[in-house]
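A quick note: this is a predicted structure, and the numbers were derived from the prediction, not measured. Reminder, nothing fancy here: chain letters follow the sequence lines and each chain counts from 1.
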Number of protein chains: 2
Amino acid sequence: MDKQTVTIYDVAREADVSMATVSRVVNGNPNVKPATRKKVLDVIERLDYRPNAVARGLASKKTTTVGVIIPDVTNIYFSALARGIDDIAMMYKYNIILTNSDENGRKEVQVLNTLMAKQVDGIVFMGNAVSEELRKEFDRAKTPIVLAGCVDEKGQMPSVNIDYTAAVEEAVKNLIDRGNQKVAFISGSLADPINRDFRLKGYKQALKKAGIRYDDKLVFETDYTYKAGQLLQPALQSVGATAAVIGDDELAAGVMNGVTDAGLNVPNDFELITSNDTKLTEMVRPKMSSITQPLYDIGAVAMRLLTKFMNNEEAEEKTVLLPYGLMKRDTTN
Amino acid sequence: MDKQTVTIYDVAREADVSMATVSRVVNGNPNVKPATRKKVLDVIERLDYRPNAVARGLASKKTTTVGVIIPDVTNIYFSALARGIDDIAMMYKYNIILTNSDENGRKEVQVLNTLMAKQVDGIVFMGNAVSEELRKEFDRAKTPIVLAGCVDEKGQMPSVNIDYTAAVEEAVKNLIDRGNQKVAFISGSLADPINRDFRLKGYKQALKKAGIRYDDKLVFETDYTYKAGQLLQPALQSVGATAAVIGDDELAAGVMNGVTDAGLNVPNDFELITSNDTKLTEMVRPKMSSITQPLYDIGAVAMRLLTKFMNNEEAEEKTVLLPYGLMKRDTTN
DNA sequence: CATCAAGATGAAAACGTTTTCAAATTGATT
DNA sequence: AATCAATTTGAAAACGTTTTCATCTTGATG
């Protein structure tokens with residue numbers, strides 16, 4: 001019926017010491033005589049005392065909780081990052097408050113505010129754009145923040161990513177080298193810097209080096225969804241694209257199936273390279289060639305970086321780029 | 001530099017009222033004269049006051065946070081549930097502390113304990129088995145708990161699921177009706193009641209009604225992973241199975257590709273029905289026929305149910321079964 | 001105009017920790 | 001035996017709210 005909670009005070013009384021001493025042994029403070037420590041530990045055991053983390057948070061101003069803002073857990077790419085984040089967080093004794101933002105600016109701001117209200121010790125932000133409004137909130141927050149799989153156009157926020165520009169350039173070059181003159185660029189919103197400023201740049205660079213004229217008819221801006229990809233086939237055909245680099249694996253799977261269902265053969269009639277190397281690439285047939293990214297590690301490193309900031313350690317570099325690669329599977333010849 | 005936090009006390013002073021009154025307006029308590037309310041609100045605005053949720057939690061014993069224990073966010077099935085949970089949680093102003101358990105009993109208990117320490121108002125548990133140890137912890141916790149996509153063998157914990165037994169029976173019948181005499185049953189660990197007591201039971205019932213002898217050579221116990229499925233092909237062939245019901249979509253995709261890669265044709269040489277109807281079923285080729293489950297809704301309903309418990313409302317039924325179906329796609333004839 | 005009930009307010013006590021600072025104890029050194 | 005520094009301890013003040021009472025206002029009613 002009752003709350004029936006055992007408090008630090010109960011332990012202190014039973015062990016015949018002060019709350020301060022109990023607090024010390026609970027927190028592993030070395031300034032406690034071994035004998036007293038044992039005595040206290042025994043009482044804790046006997047009473048089954050569990051420190052109240054909320055009270056602790058209030059007194060110490062540390063909640064050992066970090067906020068994670070994710071566009072959609074349901075997206076394999078982001079959930080892979082999230083897994084990396086959570087594992088490292090757990091390793092450092094933090095918990096994760098996870099919230100979906102749907103990349104909706106208003107929701108992002110609102111979520112950020114409740115996270116701050118809950119006094120999280122830090123935040124990992126995923127998403128594609130850091131809106132001005134969001135940046136303002138970030139600034140106001142004294143709370144450390146790290147971006148994961150998310151570029152900051154102004155380069156002032158700590159983040160961990162791969163070199164999207166170079167990766168896409170390499171992928172496109174790969175496609176061109178095999179004779180494709182019309183390579184489509186398919187991504188999410190070009191309002192997102194990650195697409196507009198990084199991936200598209202790589203695309204253009206590859207074209208330029210190959211002496212191919214840039215044609216914005218070949219650039220497709222869409223949602224990161226399977227359906228969206230599937231519906232793209234007629235448009236791709238009408239511009240005569242014979243290959244594509246695609247910014248998301250689910251989207252890529254959609255494109256591939258759309259093309260295949262239209263009777264074309266991948267990779268003989270149409271080659272494609274996707275971007276995230278999630279497990280989906282191996283599940284579909286043909287398996288998708290992909291830019292490889294250390295997904296789990298991006299999350300893990302971001303979280304690790306965050307722990308440093310929360311600990312006031314100096315981090316060598318604020319902006320870390322993890323290695324990428326190109327994995328040939330069956331959607332390229 | 002400094003914490004620079006505006007407290008309720010500052011607001012009270014500036015507005016020339018007591019903390020109690022500020023608290024009242026912040027919490028929408030109607031017992032405040034409109035004029036004072038406005039005065040307070042203005043000060044709050046001017047000072048940009050944000051209530052500290054931790055202090056609030058300590059004083060009110062409510063954290064508006066619920067814990068979610070998930071085997072692995074990276075699994076499409078679970079992340080779909082998680083999404084439903086989070087959306088409803090947000091709707092009711094709760095936040096989610098999300099932790100991966102890997103279905104590891106020790107980790108589950110440990111995670112549960114830290115959630116309790118953090119004074120979450122409730123818990124949604126996903127996973128396949130509720131171990132004895134876990135049940136003990138659950139009992140000790142005064143905190144309301146709801147299972148999502150997870151059966152309680154003893155039927156005493158609130159949960160939301162579909163009728164796995166009936167669903168599997170129907171799927172197997174479907175396969176048998178089309179002439180398959182040797183239908184394999186492929187699931188995760190049979191230590192999990194969901195497989196052992198529910199799905200397998202449905203499988204047996206279908207066989208029985210069709211007058212086919214149960215043969216445990218046709219029962220495959222494995223991991224819920226793509227790889228595990230892929231490796232199953234030789235074993236399936238050696239027992240002469242011509243069809244299978246499979247307990248997880250990633251696993252099913254693995255089985256299908258294993259079979260296909262071995263040169264067989266799905267569905268002509270081998271038919272299969274999977275269980276979770278995640279978006280993966282539509283991404284692979286052939287598209288997988290599946291038992292359908294309202295994934296998102298399972299999570300959503302579980303969370304909704306939890307809010308009732310947290311609110312001490314009486315819930316009509318503790319154990320809710322959502323409707324399932326059978327979706328014919330291209331892995332069955 | 002006295003009376004009362006209802007409506008607004010405030011003082012202060014929780015809530016369960018951590019942390020600061022001073023006091024008490026210890027033990028080694030002279 | 002006296003001294004001093006280190007080591008252990010405890011008292012009490014935070015931490016920033018909510019909540020319980022009691023008190024004070026109000027305005028209507030007789």
What does [X] touch in the nucleic acid at a heavy-atom separation under 4.0 angstrom: a base, only the sugar-phosphate, or nothing?
{"X": "B/Asn31", "value": "base"}
{"X": "B/Thr21", "value": "sugar-phosphate"}
{"X": "B/Val26", "value": "nothing"}
{"X": "A/Thr7", "value": "sugar-phosphate"}
{"X": "A/Val32", "value": "sugar-phosphate"}

When you compare the side chains of A/Thr65 and A/Asn95, does any donor N or O come within less than 3.5 Å of an acceptor on the partner?
no

Less than 3.5 Å apart, any donor N or O on the side chain of A/Thr64 or B/Lys118 sitting next to an acceptor on the other?
yes

Distance check needed: [N] [atom2] versus [X] [atom1], whole Å only.
{"X": "B/Asn29", "N": "C/dG10", "atom1": "CG", "atom2": "P", "value": "13 Å"}
{"X": "A/Lys33", "N": "C/dA24", "atom1": "NZ", "atom2": "C1'", "value": "11 Å"}
{"X": "B/Arg37", "N": "C/dA8", "atom1": "CZ", "atom2": "C1'", "value": "11 Å"}

Identify the 5'-most and 3'-most nucleotides of DNA chain D with at least one atom closer than 4.0 Å to a non-hydrogen atom of chain A.
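Reading along DNA chain D, I get D/dT8 to D/dG16.
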
By nearest-heavy-atom nucleotide on DNA chain D, the more 5' of B/Arg24 and B/Arg56 is B/Arg56

On DNA chain D, check which nucleotide each of A/Pro30 and A/Met19 is closest to and give me the residue with the more 5' one.
A/Pro30

Please indicate whether [X] has more than 12 foreign heavy atoms, meaning atoms of other residues, nucleotides or ligands, lying under 6.0 Å from its [atom1].
{"X": "A/Glu133", "atom1": "CD", "answer": "no"}
{"X": "A/Glu313", "atom1": "CD", "answer": "yes"}
{"X": "A/Arg106", "atom1": "CZ", "answer": "no"}

Centroid-to-centroid, A/Phe138 to A/Phe125, below 6.0 Å?
yes

Which residue lies toward the 5' end of DNA chain C, B/Leu58 or B/Ser18, if each is placed at its nearest nucleotide?
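Result: B/Ser18.
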
Does the side chain of B/Met91 reach to within under 4.5 Å of the side chain of B/Asp87, using non-hydrogen atoms?
no

